[in-house]
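Throughout, residue positions are numbered sequentially from 1 according to the sequence presented.
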Amino acid sequence: MSKAKTASGDALPKHDVFQAIADPTRRKLLLLLDEREMPVTVISSHFPMSRTAVSKHLRILSDAGLVKERKVGRETRYRMEPEPLLELKRWLAYFERYWENKMAALKRLVESDDPVDGGATRSPAALREADKQ
């Protein structure tokens, strides 16, 4: 059985970026490895789990392309590879417009000319209508 390949002929990762960052431990690993390259012994000292468990998390990050390994003597060192996070950034950028619309509606509400309560007593329907503008 052959491995799946991308259009450019590269092997597809076993885990995608979204799967890899779904776990809070793996997100913490990425933050830790953002600053410098480290061996698994040093990395595992930052977590309340076994070195084997940390290695499994590193393997998932590596499979997604988020972590690179480098052999230095008998030691394997790990570092974050930020490039695959661009996929996540592009995906989130699409949904940013919803956040921006909500912030604009909140700004309009706060800056409204209603001297009594700034429009805080407006009905939910009126707020939704203002949200559409």
Check: R79 and L33 side chains under 4.5 Å, non-hydrogen atoms: no

Return the minimal non-hydrogen interatomic distance between G65 and E81, and the atom names on each side. O-CB, 3.4 Å

List the atom of A20, the atom of A64, and the distance in Å for their closest heavy-atom pair. CB-CB, 3.7 Å

Less than 4.5 Å apart, any side-chain heavy atom of L61 and any of Y78? no

Same hydrophobic cluster for I21 and F95, using side-chain heavy-atom links shorter than 4.5 Å among ILVMFWY? yes

When you look at CZ of R36, are more than 12 heavy atoms from neighbouring residues, nucleotides or ligands closer to it than 6.0 Å? no

Cation over ring, R90 on Y94, under 6.0 Å and within 45°? no

Determine whether L92 and F18 fall in the same hydrophobic cluster, where Ile, Leu, Val, Met, Phe, Trp and Tyr are linked whenever their side-chain heavy atoms lie under 4.5 Å apart. yes

What distance separates E37 CD from I43 CD1, expressed to the nearest 0.5 Å? 9.5 Å

Interatomic spacing from NZ in K107 to CD in E100 - rounded to 0.5 Å: 12.5 Å

Could you tell me the separation between the CG atom of L30 and the CG atom of L58, rounded to the nearest 0.5 Å? 9.0 Å

If you measure from the Lys or Arg side-chain nitrogens to the Asp or Glu carboxylate oxygens, is any gap between E69 and R59 under 4.0 Å? yes

To the nearest 0.5 Å, tell me how far L29 CG sits from L66 CG. 11.0 Å

Nearest 0.5 Å please: distance from the NE2 atom of H57 over to the OG atom of S44. 12.0 Å

dist T25:OG1 -> L32:CG (nearest 0.5 Å) comes out at 12.0 Å

S55 to V40 - nearest heavy-atom pair and separation: OG-CG2, 3.5 Å

Are I60 and M49 connected into the same hydrophobic cluster when the rule is that any two of I, L, V, M, F, W, Y join if their side-chain heavy atoms are below 4.5 Å apart? no

